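Just below is one structure, and these are the notes that go with it.
This structure is a prediction, so every number in the text was calculated from the model and none was measured. All chains are named by letter (A, B, ...) in the order of the sequence lines, taking the proteins before the strands, and each is independently numbered beginning at 1.
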Amino acid sequence: VLSIRGAQEEEPPDAQLMRLDNMLLAEGVSGPEKGGGSAAAAAAAASAGVGPDNSAEHSDYRAKLTQIRQIYHTELEKYEQACNEFTTHVMNLLREQSRTRPISPKEIERMVGIIHRKFSSIQMQLKQSTCEAVMILRSRFLDARRKRRNFNKQATEILNEYFYSHLSNPYPSEEAKEELGKKCSITVSQVSNWFGNKRIRYKKNIGKFQEEANMYAAKTAVSAASVSAHGSQANSPSTPNSAGGYPSPCYQPDRRIQ
DNA sequence: CCCTATGATTCCGT
DNA sequence: ACGGAATCATAGGG
């Protein structure tokens, strides 16, 4: 009713609308019809983390995204159409009224402006809820926590061997991480995650890991012994244990119940 | 179904 | 950018 001067300037406060538009575009909802969407989704999946390109999950995600996109487009179209219809309807009414009373073009313009603002606020809502839906979808499918799989036994074996044989400084270098990742067929960041988790959990409850520590200490001791027995030089294979970081589990071969 | 183990993410300090 | 800590979400075993 009272926004006459706002009729011409509709831009200034709509930073949020910009954000919504940008996000919809980036997510492939409002952009190009088909190929763009999947490309954006793939990029999103790739950037979202470790994503070993699970195409089964991924196609599911894409299907849902397409669904969202279709809904969005049909709704948008519906709103647009409704807006136009309503506008022409109002125009007709005004035209009819102009027979009984004078109606300035300014008034018509004002009415049209009001209608358009109303409908664009509805569009805004639509965009917002679409964004929300996309975010939920993303968190549902792209969050790697939701499809966590344990590493296989051999991989954890290798990782544990490294951890317990470097217990004094269980911080593998970049190269070491790469090598471990290669041996375990996991990514470097997964190796980093594993060591991060292992360090904190070991430190938090050393007692719980005592048995495991002893086991791996024994295992590496055995392999070292066999190596030195086989080879000629008695080189302790990069195991200068018990320096600074974590308390050594101090292997006790015949630790029994009292 | 509950509980623990575990991989991944987030927050924060450095 | 990396590591510690807390937390999330699922896997796995009883």
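The CD1-C1' distance, from A:Ile186 to B:dT6, rounds to 13 Å in whole Å. The CG-P distance, from A:Asn193 to B:dC11, rounds to 16 Å in whole Å. In this structure, A:Asn160 atom CG and B:dG7 atom C1' are separated by 14 Å, rounded to whole Å. Note: CD (A:Glu212) to C1' (B:dT6) measures 12 Å, nearest angstrom. Taking atom CZ of A:Phe195 as the reference point, atom C1' of C:dA5 lies 19 Å away to the nearest angstrom. Nucleotide B:dT6 holds its C1' atom 14 Å from the CG atom of A:Asn152, rounded to whole Å. If you measure from atom NZ of A:Lys198 to atom C1' of C:dG3, you get 17 Å, rounded to the nearest angstrom. What separates CD1 of A:Ile200 from C1' of B:dT6 is a distance of 15 Å, to the nearest Å.
Not a single side-chain hydrogen bond (donor to acceptor under 3.5 Å, both in side chains) links A:Glu174 to another residue, sequence neighbours left out. With sequence neighbours excluded, the residues that form a side-chain contact (heavy atoms from CB on, under 4.5 Å) with A:Arg101 are A:Gln97, A:Ile103, A:Glu107. Not counting sequence neighbours, the partners of A:Ala155 by the side-chain contact (heavy atoms from CB on, under 4.5 Å) test are A:Phe151, A:Asn152, A:Cys184.
Under a hydrophobic-cluster definition in which Ile, Leu, Val, Met, Phe, Trp and Tyr are linked whenever side-chain heavy atoms come within less than 4.5 Å, directly or via other members, A:Ile122 and A:Leu76 are assigned to the same cluster. Under the 4.5 Å side-chain heavy-atom criterion for grouping Ile, Leu, Val, Met, Phe, Trp and Tyr, A:Phe209 is connected to A:Ile158 within one hydrophobic cluster. Under the 4.5 Å side-chain contact rule for hydrophobic residues, A:Ile136 and A:Leu24 do not share a cluster.
Phosphate contact (OP1/OP2 of C:dG4, side-chain N/O of A:Tyr171, threshold under 4.0 Å): present. Distances shown here put every side-chain N or O of A:Lys208 at or beyond 4.0 Å from the OP1 or OP2 atom of B:dT4. Residue A:Gln190 places no side-chain N or O under 4.0 Å from the OP1 or OP2 atom of B:dG7.
Other residues, nucleotides and ligands contribute more than 12 heavy atoms inside 6.0 Å of the CD atom of A:Glu161.
For A:Asn22 and A:Arg19, the side-chain atoms include no donor-acceptor pair closer than 3.5 Å.
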#### Entry: Verdict with reasoning, A:Lys198 to A:Glu212, per salt bridge (Lys or Arg N to Asp or Glu O under 4.0 Å)
CA-CA 12 Å; A:Lys198 191 73 184 179; A:Glu212 190 178 74; 2.7 Å; yes
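Checked against C:dA6, B:dA5, C:dG3, the side chain of A:Lys204 finds its nearest nucleotide in C:dA6. Checking C:dG3, B:dA8, B:dA5 against the side-chain heavy atoms of A:Asn197 singles out B:dA8 as nearest.
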Between the protein and nucleotides 12-14 of chain B, which nitrogen or oxygen pairs come in under 3.5 angstrom?
none

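Ion pair A:Glu75/A:Lys78 flagged as a salt bridge, since at least one NZ, NE, NH1 or NH2 atom sits closer than 4.0 Å to an Asp/Glu carboxylate oxygen.
Defining each end axis of the helix from B:dC1-C:dG14 to B:dT14-C:dA1 as the rotation carrying four pairs' C1' atoms onto the next four, with five pairs an end, the two axes are found to diverge by 10° to 10 degrees.
Remark: A:Ile71 CD1 to A:Arg69 CZ distance equals 12.0 Å, nearest 0.5 Å.
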### Message
So if I define the base as every atom that isn't primed, P, OP1 or OP2, how would nucleotides 8-14 of chain C read as a B/S/- string at a heavy-atom cutoff under 4.0 Å?
### Response
BBBSS--
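For A:Ser120 (side chain) and A:Gln123 (main-chain N/O), no donor-acceptor pair under 3.5 Å exists by modelled atom type.
Nucleic acid contact class of A:Phe151 (heavy atoms, under 4.0 Å, all strands): sugar-phosphate only.
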